[in-house]
Chemist: 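Sharing a structure, written as structure tokens. Questions coming.
Just so it is clear, the model here is predicted, and its values are computed rather than measured. For reference, positions follow the sequence shown, starting with 1.
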Amino acid sequence: MATSSTSFFLSPPLGIPKHRHSLNRGTNTVSIRRSRRGTCSATAKQKPNPRKTEPSRPSPGAVDPVGFLSKLGISDRAFAQFLRERYKVLKDLKEEMSTRYQSLIELASGYEILGMHRNIQHRVDYMEWAPGARYCSVVGDFNGWSPTENSAREGYFGRDDYGYWLIILEDKLRDGEEADKYYFQQYNYVDDYDKGDHVDVEELLKKIDDEYWEPGEDRFRKSRFEVVAKLYEQMFGPNGPQTEEELDDIPDAETRYKAWKEAHKDDPPSNLPPFDVIDNGKEYDVFNVVDDPVWRAKFRLKKPPIAYWLEMRKGRKAWLKKYIPAISHGSRYRVYFNTPNGPLERVPAWATYVKHDVDEKQAFAVHWEPPPDKVYKWKNKRPKVPTSLRVYECHIGVSGSEMKISSFKEFTLKVLPHIKKAGYNVVQIFGIAEHKDYSSVGYKVTNFFAVSSRFGTPDDFKQLVDEAHGHGLLVFLDIVHSYAADDEMVGLSLFDGSNDCFFHTGKRGHHKYWGTRMFKYGDLDVLHYLLSNLKWWVVEYQIDGFQFHSVASMIYTHNGFASFTGEMEEYCNQYVDKDALIYLILANEMLHELHPDIITIAEDATLYPGLCEPTSQGGLGFDYYVNLSISEMWLWFLMNVPDREWSMEKIVTTLMGNKQNTEHMLMFAENHNQSISGGRSFAEILFGENSSVLSPRVHKASLYNMIKLITFTIGGRAYLNFMGNEFGHPSRVEFPMASNNLSLSLANRCWELLNEELHNNTFNFDKDMMKLDKNEQILSRGLSNIHHVYESTMVISYMRGTLLFIFNFHPDDSHERYTVGIEEAGEYQLILNTDEIHYGGQGRIRCDQYYQKTTNKRVDGMWNSLEVPLPSRSAQVYKLTRILRI
């Protein structure tokens, strides 16, 4: 195949223009930028210099690095001092950021520059970060896999001071075609057709002369693109200053202009408009027409001839007719490094699509630039963020019933409608980013910007998100920034060979148990990579939120594998990684600045103090946190404790939380861990035949529903369910691995179980539980008022808003009339009952018992009480329908 020609130049630090004082010759606007020392440099629409900007703006409100401590009742001095020190490190980091980036959003904008991008100047630009490489090149099927062509060499303007390599792949003229005569000729790569396809440039230039320029403006007609440059030359001479350092000893703009005016006072008359300086002490000295009112009016009405330039643009079809693209859509490529230890080939760190060979031993980046008629066009807007989150957790690959890896398209067609029907309003997907090892469930990520090619293309995933939005579903990703795969060929480990640029070296760079690599969060370029990755998913795929996986792995050098007693010292000792905590702060600040409705969730088994407190008050800034202890409690009870011995106090204490604000908890009875991490799902335990600690099977469906109902309603504003558990999926998930001969027999979901009575009844209850929140707004109400917890009867009762919840966990004892205290006197209607037959219950409550009226008998410390029928192992929800005034 043909090899593209290549040119090289020194790439600027990201976000900094290559030539800070170059002139934009396509504009009539001129400004003189004052420097900090009173000097100036001439630019046209000049971008501010990131090296001179202030640090990123802090969170709204006054910053108090220990502000949340008093709110949570924490008075530990050592922890307060740790927060102050952490804030100082954060402040210093933002100062360092300001030398290279204008803002936090710009720090998160690397993907716009890095990787493979088309340039309007008939070329494709490739940029990579590899500080340990001697030179770098792009190799692929579009240039014959040549490691010496299309390369950027150190000493040949290929690498900048920060370790970024820039390679320019120039499009090639087709045989018989001639290069464009005018350097300003551009092509519209987005549209198939543009009227410029059939426009003669010479005729269009004559049209500009005839229609745009007025008589007497012959100076402009001669050279339309030199007006600004000539003005600069007249002020500074033909060899004027090109850098800020050269301007140091030059007087201010007004003094220079007056000197120039005096020197040219005897010049012959010119047909140029009379210019002068308006200087009101502002940052910019503006040149304007002030001497002649007629010229002033004409000048202000004059607009750049943009319409003519647009006519001159040609469409993509015209471009393809004339040029062979340097790299076409679907081309495979890798990046080639020459390092001190020898040559290396790597899949680019910023690759947006990665495919593997059949045996998965080789991986390649794939250039994704579909033609205009194939580009995915979004149809649906993001749904509004609901007041409560009902999250449906799922994995694309195991979402089908067949023994194969399911695809994005199959999930979109079959599973999304089910999620909508089930009553959830969020779909949270894990295992999306590209990973080499499928058995890792997607947690050993190799390519952070690429959707897994096992499931489909980038456009297939866009369609999934778009259709989810059309169903009114938000889409969250379980994002893994706590570690990365240790693969070298396809991942980031030892990426540039001579140094481990993304990760810590030595023991700290390796997870103690999982064989993964640990990020170096204190490095500005690593922050650039990770923050840009978050922004990529939000902007490119319109993702609505993130659950940050395994926060404990990143914020502790022991990766969270330590005994925690709850002492504050454990959150601020030598094993706590300040840099990781600062990354989480920056991630939350950036995401909420980028899109105010983005939801962030922390999965942290240690419940680090301040997870959901504002960053301006010393918190980490998450919206929700996952309380893993709830699921662990239920699993312990089901596996080890006879149901007659369950502790009601333990249930309530665990569900309500004891360290963080309960309202920020994301609650779940079980997530994917019970089914995937070698354990058993609750349905497998309850509906199976080998449970030794539980009472007869006839009541187990009711117990399953009770566990979900109390977890769903007692506290928190968010609830999560793993795919299949809404209908009591009894089988675990087991990904293909060597131990099962790479079998896919358990890597699926048995949707046909919905046709069986037991599982259909379980689904009916789960669906009505979601509907209850939709109708009554349970999760968005204030926290529960728990007023009845009796160990002897195994009964729990609480109020949340106007709803009364009563649970009888006893496997045998029923009560004809059980009395509980009530806050508000009135009439109450039974609106949900786990003992209904169509839920798998026994239907022991008669229809005439669905309405109850309070009495003034004092119970549970309240002046009113309610007597209700309470069958064994059942739960009821009552709604206040009429208030009685006494």
Chemist: Name all residues meeting the side chain to side chain contact (heavy atoms under 4.5 Å, CB included) criterion together with Pro869; count only those two or more places apart in sequence or in a different chain, and write none if there are none.
Modeler: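 Pro869 satisfies side chain to side chain contact (heavy atoms under 4.5 Å, CB included) with Ile845, Gln849, Gln852, Tyr878 once adjacent residues are dropped.
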
Chemist: For the atom pair CD1 (Ile714) and CE (Met667), what is the distance rounded to the nearest 0.5 Å?
Modeler: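 One gets 7.0 Å once the value is rounded to the nearest 0.5 Å.
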
Chemist: Would you say Asn640's side chain and Trp636's backbone share a donor-acceptor pair under 3.5 angstrom?
Modeler: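 Confirmed, Asn640 side chain pairs with Trp636 backbone.
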
Chemist: By salt bridge (charged side-chain N to carboxylate O under 4.0 Å, His left out), which residues pair with Asp478, not counting sequence neighbours?
Modeler: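 With sequence neighbours excluded, Asp478 shows a salt bridge (charged side-chain N to carboxylate O under 4.0 Å, His left out) to no residue whatsoever.
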
Chemist: Classify the side-chain pair Ser874/Gln876 by whether it contains a donor and acceptor separated by less than 3.5 Å.
Modeler: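 Yes, Gln876 and Ser874 have a side-chain donor paired with an acceptor closer than 3.5 Å.
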
Chemist: Quick one: pull up CG in Leu832 and CG in Leu709 and give me the separation to the nearest 0.5 Å.
Modeler: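 CG of Leu709 is found 6.0 Å from CG of Leu832.
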
Chemist: Measure from the side-chain N and O atoms of Glu670 to the backbone N and O of Phe682, and report whether any donor-acceptor pair falls under 3.5 Å.
Modeler: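 Yes, Glu670 side chain to Phe682 backbone: donor-acceptor pair under 3.5 Å.
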
Chemist: Do you see a donor-acceptor pair shorter than 3.5 Å between the side chains of Thr412 and Gln463?
Modeler: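 Judged by distance alone, the side chains do not pair up.
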
Chemist: Are Glu467 and Lys379 close enough for a salt bridge, meaning some N to O gap below 4.0 Å?
Modeler: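 Result for this pair is yes, salt bridge flagged.
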
Chemist: Checking side chain to side chain contact (heavy atoms under 4.5 Å, CB included) for the pair Leu783/Glu663: CA distance, chi angles, key distance, verdict?
Modeler: CA-CA 7 Å; Leu783 298 181; Glu663 64 182 28; 3.9 Å; yes

Chemist: Between Ile601 and Phe476, is there a side-chain heavy-atom distance shorter than 4.5 Å?
Modeler: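 A side-chain contact under 4.5 Å exists here.
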
Chemist: Mind checking what makes side-chain hydrogen bond (donor to acceptor under 3.5 Å, both in side chains) contact with Asp597, not counting sequence neighbours?
Modeler: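 Asp597: no side-chain hydrogen bond (donor to acceptor under 3.5 Å, both in side chains) contacts found.
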
Chemist: Any side-chain heavy atom of Phe548 within less than 4.5 Å of one from Thr600?
Modeler: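 The answer is yes, as the side chains (C-beta and beyond) meet within the 4.5 Å cut-off.
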
Chemist: With rounding to the nearest 0.5 angstrom, report the NE2 to CD distance, His759 to Glu757.
Modeler: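 The CD atom of Glu757 is 11.0 Å from NE2 of His759, to the nearest 0.5 Å.
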
Chemist: State the CD1-OG distance between Ile786 and Ser797, to the nearest 0.5 angstrom.
Modeler: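 These two atoms lie 10.0 Å from each other.
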
Chemist: Using side chain to side chain contact (heavy atoms under 4.5 Å, CB included) as the criterion, list what pairs up with Asn748, not counting sequence neighbours.
Modeler: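 Result, side chain to side chain contact (heavy atoms under 4.5 Å, CB included) vs Asn748: Met403.
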
Chemist: So, using ring pair (Phe, Tyr, Trp, His ring centres under 6.0 Å) as the criterion, who are the partners of Trp378 when residues are at least two apart?
Modeler: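 Once residues adjacent in sequence are excluded, the partners of Trp378 under the ring pair (Phe, Tyr, Trp, His ring centres under 6.0 Å) criterion are Tyr376.
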
Chemist: Have Thr713 and Tyr798 got a donor and an acceptor in their side chains that come within less than 3.5 Å?
Modeler: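 Yes, Tyr798 and Thr713 have a side-chain donor paired with an acceptor closer than 3.5 Å.
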
Chemist: Got more than 12 heavy atoms from elsewhere within 6.0 Å of NZ, Lys767?
Modeler: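 Yes, NZ of Lys767 has more than 12 neighbouring heavy atoms, counting only those of other groups under 6.0 Å.
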
Chemist: Looking only at the side chains, is there a donor atom on one of Thr793 and Tyr818 sitting less than 3.5 Å from an acceptor on the other?
Modeler: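 The criterion, which ignores hydrogens and geometry beyond distance, is satisfied for Tyr818 and Thr793.
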
Chemist: Please assess His471 against Asn380 for the test side-chain hydrogen bond (donor to acceptor under 3.5 Å, both in side chains), listing each intermediate value before the final yes or no.
Modeler: CA-CA 9 Å; His471 285 295; Asn380 301 300; over 6 Å; no

Chemist: Tell me, please, which residues at least two apart from Lys420 pass salt bridge (charged side-chain N to carboxylate O under 4.0 Å, His left out).
Modeler: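 With sequence neighbours excluded, Lys420 shows a salt bridge (charged side-chain N to carboxylate O under 4.0 Å, His left out) to no residue whatsoever.
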
Chemist: Name all pairs fulfilling the ring-ring contact (aromatic ring centres under 6.0 Å, His included) condition that reach into residues 701-725, sequence neighbours left out, sorted by first residue then second.
Modeler: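 Every pair satisfying ring-ring contact (aromatic ring centres under 6.0 Å, His included) with a residue in residues 701-725: Phe687-Tyr704, Phe712-Tyr719.
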
Chemist: Please collect all ring-ring contact (aromatic ring centres under 6.0 Å, His included) contacts where either partner lies in residues 391-424, sequence neighbours excluded, each pair once.
Modeler: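 Passing the test, one end in residues 391-424: Tyr392-Tyr424, His395-Phe430, His395-Phe455, His395-Phe735, Phe408-Phe455, Phe408-Phe461, His418-Trp751, His418-Phe763.
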
Chemist: Has the side chain of Trp863 got a donor or acceptor atom that lies under 3.5 Å from a matching backbone atom of Lys857?
Modeler: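 Not at all, since once roles are kept as given, no pair shorter than 3.5 Å links the two residues.
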
Chemist: With sequence neighbours excluded, what pairs up with Glu752 under the side chain to side chain contact (heavy atoms under 4.5 Å, CB included) test?
Modeler: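 Counting only residues at least two positions away or on another chain, Glu752 forms a side chain to side chain contact (heavy atoms under 4.5 Å, CB included) with Ser401, Cys750.
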
Chemist: Report the distance from atom NZ of Lys853 to atom CG of Leu866, rounding to the nearest 0.5 Å.
Modeler: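 Result: 11.5 Å between the selected atoms.
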
Chemist: Under 3.5 Å, is there a donor-acceptor pair between the side chain of His592 and the main chain of Asn588?
Modeler: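 Checking the backbone N and O of Asn588 against the side chain of His592, a donor-acceptor pair under 3.5 Å is found.
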
Chemist: With distance as the sole criterion, is a donor-acceptor pair present between the side chains of Asp835 and Ser702 under 3.5 Å?
Modeler: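 No, no side-chain donor-acceptor pair sits under 3.5 Å.
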
Chemist: For Lys381, give me all partners under salt bridge (charged side-chain N to carboxylate O under 4.0 Å, His left out), at least two apart in sequence or on another chain.
Modeler: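 Salt bridge (charged side-chain N to carboxylate O under 4.0 Å, His left out) check on Lys381 returns nothing, list empty.
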
Chemist: Taking the side chain as every heavy atom from C-beta outward, state whether Glu603 and Leu628 have any pair of such atoms under 4.5 Å apart.
Modeler: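 In short, these two side chains touch, coming nearer than 4.5 Å.
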
Chemist: Taking it one step at a time, do Val475 and Tyr541 satisfy side chain to side chain contact (heavy atoms under 4.5 Å, CB included)?
Modeler: CA-CA 10 Å; Val475 180; Tyr541 292 103; over 6 Å; no

Chemist: Quick one about Asp643 and His810 (side-chain donor to acceptor, distance below 3.5 Å, no hydrogens or angles considered), yes or no?
Modeler: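 Judged by distance alone, the side chains do not pair up.
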
Chemist: Sequence neighbours excluded, which residues qualify as side chain to side chain contact (heavy atoms under 4.5 Å, CB included) partners of Arg800?
Modeler: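 With sequence neighbours excluded, Arg800 shows a side chain to side chain contact (heavy atoms under 4.5 Å, CB included) to Ile778, Leu779, Arg781, Ser784, Phe805, given in chain and number order.
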
Chemist: Are the side chain of Glu410 and the backbone N or O of Ser407 linked by a donor-acceptor pair below 3.5 Å?
Modeler: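 Yes, because the side chain of Glu410 sits within donor-acceptor range (under 3.5 Å) of the backbone of Ser407.
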
Chemist: I need the Asn705 CG to Asp766 CG distance, nearest 0.5 Å.
Modeler: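 These two atoms lie 8.0 Å from each other.
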
Chemist: Checking Arg390 side chain against Ala718 main chain: does a donor-acceptor pair fall under 3.5 Å?
Modeler: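 No; judged by distance alone, with no hydrogens or angles, the pair does not exist.
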
Chemist: Can a donor-acceptor pair be found, under 3.5 Å and without considering hydrogens, that links the side chain of Glu836 to the backbone of Gly841?
Modeler: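 Not confirmed, Glu836 side chain does not pair with Gly841 backbone.
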
Chemist: Going by atom types only, do His788 and Asp860 share a side-chain donor-acceptor pair under 3.5 Å?
Modeler: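 There is such a pair (donor and acceptor under 3.5 Å, judged by atom type) between the side chains of His788 and Asp860.
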
Chemist: Tell me every residue that passes salt bridge (charged side-chain N to carboxylate O under 4.0 Å, His left out) with Asp623, counting only those two or more places apart in sequence or in another chain.
Modeler: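 Salt bridge (charged side-chain N to carboxylate O under 4.0 Å, His left out) check on Asp623 returns nothing, list empty.
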
Chemist: Taking C-beta and beyond as the side chain, do Phe809 and Met706 meet within less than 4.5 Å on heavy atoms?
Modeler: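 They are in side-chain contact.
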
Chemist: Would you say Arg680 and Met639 make side-chain contact, with heavy atoms under 4.5 Å?
Modeler: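 Yes. Closest side-chain heavy atoms under 4.5 Å.
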
Chemist: Indicate yes or no: does Asp812 engage Arg873 in a salt bridge with an N to O separation below 4.0 Å.
Modeler: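 Judged by the 4.0 Å cut-off on N to carboxylate O distance, Asp812 and Arg873 do not form a salt bridge.
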
Chemist: Compute whether any side-chain donor of one residue and acceptor of the other, for Thr855 and Ser865, lie under 3.5 angstrom apart.
Modeler: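 The answer is yes; a qualifying pair exists.
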
Chemist: Whether the Glu823 and Asn864 side chains hold a donor-acceptor pair (N or O, under 3.5 Å, no angle test) is what I'd like checked.
Modeler: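 Side-chain D/A pair, Glu823 to Asn864: absent.
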
Chemist: On the 0 to 90° scale, with breaks at 30° and 60°, tag the Phe727-His729 ring pair as parallel, tilted or perpendicular.
Modeler: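 Phe727 vs His729 ring planes: tilted.
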
Chemist: Looking just at side-chain N and O atoms, do Thr654 and Trp634 make a donor-acceptor pair shorter than 3.5 Å?
Modeler: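 Result is no, nothing qualifies.
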
Chemist: A side-chain contact here means heavy atoms from C-beta on lying under 4.5 Å apart; do Lys708 and Thr711 qualify?
Modeler: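 No, too far: nothing below the 4.5 Å cut-off.
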
Chemist: Without hydrogens or angle criteria, can the side chains of Arg844 and Ser872 be said to hold a donor-acceptor pair below 3.5 Å?
Modeler: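 A donor-acceptor contact under 3.5 Å links the two side chains.
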
Chemist: Knowing that exactly one of Asp768, Thr834, Asn833 qualifies, which makes a side chain to side chain donor-acceptor pair (under 3.5 Å) with Tyr839?
Modeler: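 Filter result, single survivor: Asp768.
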
Chemist: Verify side chain to side chain contact (heavy atoms under 4.5 Å, CB included) between Ile543 and Leu474, making sure each step is shown before the conclusion.
Modeler: CA-CA 8 Å; Ile543 295 303; Leu474 300 179; over 6 Å; no

